[in-house]
Each structure stands twice: as structure tokens, then as C-alpha cells.
2 protein chains.
Amino acid sequence: MNIGEASKASGVSVKMIRYYEAIGLIAPPLRTGSGYRVYSDNDVHTLRFISRARDLGFSVEQMETLLALWRDRSRASAHVKAIALEQIAVLEEKARALKAMSDTLRHLAEHCHGDDRPDCPIIDGFAGPAELVTPKRRSRFGVTGTDRKVRRP
Amino acid sequence: MNIGEASKASGVSVKMIRYYEAIGLIAPPLRTGSGYRVYSDNDVHTLRFISRARDLGFSVEQMETLLALWRDRSRASAHVKAIALEQIAVLEEKARALKAMSDTLRHLAEHCHGDDRPDCPIIDGFAGPAELVTPKRRSRFGVTGTDRKVRRP
DNA sequence: ATGATCCCTCCCACAGTGGGAAGGTCAATA
DNA sequence: TATTGACCTTCCCACTGTGGGAGGGATCAT
């Protein structure tokens with residue numbers, strides 16, 4: 001099948017399929033004489049796997065490992081579990097940081113009467129002393145991980 | 001004071017101060033004869049405001065509004081509150097999505113014995129039918145917002 | 001005067017995703 | 001058969017927000 005069909009069947013956008021191929025996450029598929037990419041059911045299966053893993057917040061780098069493990073019938077489940085647990089910890093830490101932020105904001109908002117007068121504890125909280133506003137400084141939390149390396153060599 | 005000092009005093013990195021200037025979030029400061037940027041205490045105050053807002057997950061675009069409101073002594077607190085509440089909702093939705101992900105993963109991990117046998121419900125969950133693995137499809141949640149426009153004209 | 005420590009600008013990288021231009025292909029329909 | 005419309009191709013660019021680093025100038029203390 002063509003890329004559009006594979007996209008619909010897997011839930012990965014056409015753009016992303018090509019991107020994953022370019023960065024080497026998936027193997028280049030066969031081509032027709034005129035250069036169209038041709039995907040098998042098996043390829044779609046892999047794409048679907050990728051889609052699920054993305055939805056669970058795994059990075060492309062982690063998916064590389066996960067895919068290798070998926071294909072390796074002799075791998076130990078302990079290995080996969082370790083990666084999953086690591087990911088769970090990351091996810092939970094991000095959720096925690098997010099919650100701390102919204103709690104702080106909510107606290108500020110609760111003390112703001114929200115009418116047409118200019119006094120506003122939210123704005124004052126931003127401008128005033130740090131302790132009032134920062135739950136825990138410097139937790140920027142990019143959604144995808146930190147310092148990873150160049151992958152296209 | 002020079003940019004390095006302003007950076008230390010505000011908690012915004014030197015790189016970011018220049019970036020915020022380039023995109024027009026902050027006004028270009030005065031320069032010495034040799035081209036060094038010179039910041040006043042007031043500038044540092046603004047920078048600190050920005051630093052706090054960033055820590056609470058506001059995007060640059062939101063900060064533009066927030067800064068304008070901060071400087072506008074006649075603004076209505078309702079306006080600020082509305083922005084804050086919006087941000088709270090976004091933050092909470094992200095936290096919720098993150099939690100759903102980690103719950104799903106944890107569920108999968110709990111059923112994985114984690115030894116050297118290859119059976120692994122985590123991997124199987126990725127490869128198998130969608131219902132088992134996706135808490136709620138297609139919630140990718142970039143940390144900063146979606147479709148915003150070019151700002152350097 | 002020399003070296004250390006600033007600062008300047010400019011370019012590049014990254015994740016991950018989409019937009020779109022310029023062009024080739026394929027199937028169906030008029 | 002010729003045209004149309006839906007696909008496909010590659011290539012480049014955008015974005016957010018942040019850091020790295022090169023190559024060169026400025027300031028300051030010893």
C-alpha cells in the first residue's frame with residue numbers, strides 16, 4: 001500500500017512516516033518503479049507500535065530501543081520493564097511539576113477578586129519576592145528529554 | 001550594569017536575555033560606546049517578572065500580554081485573572097494527560113514479571129489492540145502552545 | 001603588557017511537527 | 001484519448017525555547 005493508506009491505517013501522519021524514515025527509526029521501504037513508497041502490513045504494524053509508544057510519551061530515542069526489543073524475540077522482559085519504569089518516573093515528575101505550577105497559579109488567582117479594579121495578586125506575585133510564586137525554582141521540563149545527541153551522521 | 005550581572009540578578013540566562021530582546025519581548029537597552037548592553041534595576045525587575053512567569057509555564061506570547069498588563073496601571077484584574085485561569089486549565093490538562101500515560105504504563109509494567117524470559121505485556125501492549133494501551137488517543141501536549149505566528153517581521 | 005574575563009554578533013543544533021512549492025503519477029471520467 | 005483530481009515525490013522553511021561555540025573586541029587587574 002502507499003504512504004497515505006499506511007498513514008491512515010497506523011495513525012502516524014505521512015509527514016512523520018517520512019521523518020521517521022529519514023532519521024533511521026524505520027527502515028526505508030520498497031519503492032515502485034516511479035518512486036512511490038510501498039508498505040506491507042508488517043510495516044503498518046511497526047508504525048502502529050510507534051504511534052502507541054509516542055502516545056505514552058516515549059521519545060524517538062527510547063522508541064529505538066523499544067523497537068529493537070520488540071523485534072528481538074530473545075530479549076529479557078526485565079530490560080523492557082526497566083525502560084518503562086524509567087519512563088513512568090519521568091512522566092510522574094513532569095506531572096508533579098505541572099501540578100505545582102497550577103497550584104501556585106490557582107493560589108494567586110484565588111486571591112484576585114477579578115473585577116475592574118487594577119489590584120491583582122497574580123501580577124503582584126510575578127513582580128514581588130520570589131518565595132510567593134515559585135514552588136520549586138528552575139524546573140523547566142521539556143516534554144521530550146534533555147541533552148541527546150545528533151542522530152544523523 | 002552589564003548583561004552578565006543582570007542575568008545573575010534576574011535568573012534569566014544571558015542567551016535568553018538577548019533572545020527576548022531579539023523577538024521584541026523586552027525593549028533594546030542602552031549601549032555603552034563600545035556596544036555593551038546596559039541594564040537598569042528596572043530592567044532587572046522586568047526580567048525577574050519574566051523568569052517567574054516562565055517558571056509557571058507561560059509562553060512567550062502570554063508573557064507579552066502579562067507584561068503589558070503589568071505595566072498598565074489601569075488594567076482590570078479580571079483580565080489578568082482570565083489569563084491565569086486559562087493557563088491553569090492548560091496546566092491541569094497536561095498534568096492529567098501525563099498521569100493517564102503513566103497509569104497506563106504502570107498497569108502494563110505491573111503485569112510484566114521482569115525476568116529474563118521474553119514475554120512482556122508492555123511490549124505486547126504496544127503491539128496489540130489499541131484499547132489496552134491508549135488512555136485517550138492523540139493527546140500529544142507540547143509544553144508550549146500550538147499554532148503561533150512569526151514574530152520577527 | 002599580558003592574561004583573564006567579559007561582551008559582541010552570527011551561525012548551528014535539538015525535538016517533533018506542520019506548511020507549502022514545484023513537479024511526477026495514476027486512475028477514472030468526459 | 002485527454003483532462004482532471006487525488007495522490008505521490010523531494011526540498012526547504014516555520015515554530016518554541018534553549019544551549020554551544022567560533023571569531024573578534026573591551027575592560028580590568030596585576
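Below, chain A is the first sequence line, B the second, and so on; all start at residue 1. Only this structure's heavy atoms are used, side chains among them; waters, hydrogens and symmetry mates stay out. In this text the structure is predicted, and so the values were computed from the model without any measurement.
The separation between A/I17 atom CD1 and C/dG16 atom P is 17 Å, rounded to whole Å. Between B/E64 atom CD and D/dG17 atom C1' there is a gap of 14 Å when expressed in whole angstrom units. Here the P atom of nucleotide C/dC8 and the CG atom of B/L30 are 13 Å apart, to the nearest Å. Atom CD1 in B/I23 sits about 12 Å away from atom C1' in D/dT18, given to the nearest Å. For A/Y19 and D/dC13, the OH to P distance is 17 Å, given to the nearest whole Å. In this structure, the CE atom of B/M63 is 11 Å from the C1' atom of D/dT16, given to the nearest Å. One can place CG of A/D55 at 10 Å from P of C/dT17, the figure rounded to the nearest angstrom.
Applying the side chain to side chain contact (heavy atoms under 4.5 Å, CB included) rule to B/D41 yields the partners B/M1; only residues at least two apart in sequence or on another chain are considered.
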Base-contact (B) and sugar-phosphate-only (S) positions in nucleotides 20-26 of chain C, heavy-atom cut-off under 4.0 Å, - elsewhere: B---BBS
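End-to-end axis angle of the helix from C/dA1-D/dT30 to C/dA30-D/dT1, from C1' rotation axes over five pairs per end: 30° (rounded to 10 degrees).
A sub-4.0 Å separation between OP1 or OP2 of D/dT18 and a side-chain N or O of B/Y20 is present. Between B/R37 and C/dC8 there is a side-chain polar atom (N or O) within less than 4.0 angstrom of OP1 or OP2. For B/S13 and D/dT18, the shortest distance from a side-chain N or O to OP1 or OP2 is not below 4.0 Å.
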field: Pair B/K99-A/E92, salt bridge (charged side-chain N to carboxylate O under 4.0 Å, His left out): steps then yes or no
entry: CA-CA 7 Å; B/K99 204 180 164 306; A/E92 286 182 348; over 6 Å; no
query: When you look at A/R18 and A/E21, which way does the salt bridge (charged side-chain N to carboxylate O under 4.0 Å, His left out) test go after all the steps?
result: CA-CA 5 Å; A/R18 288 195 278 244; A/E21 181 189 331; over 6 Å; no
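Of the candidates C/dA15, C/dC8, D/dG17, C/dC8 carries the atom nearest the B/I3 side chain, counting heavy atoms from C-beta on. You'll find that the side chain of A/R31 is closest to D/dT9, out of C/dG16, D/dT9, C/dT9. Side chain of B/N2, nearest nucleotide from D/dG17, C/dT17, C/dC7: C/dC7.
No donor-acceptor contact under 3.5 angstrom links the side chains of A/D43 and A/T46, judged on distance only.
Side chains of B/R37 and B/N2 form no contact here, defined as non-hydrogen atoms less than 4.5 Å apart.
The shortest heavy-atom contact between B/V14 and B/G4 is CG2-CA, 4.1 Å.
Taking the six-membered ring for Trp and thresholds of 30 and 60 degrees, A/W70 and A/F49 have nearly parallel ring planes, at less than 30 degrees apart.
Side-chain atoms of B/S7 never come within 3.5 Å of backbone atoms of B/I3 as a donor-acceptor pair (strictly under, hydrogens ignored). With hydrogens and angles disregarded, no donor-acceptor distance shorter than 3.5 Å links the side chain of B/R96 to the backbone of B/A100.
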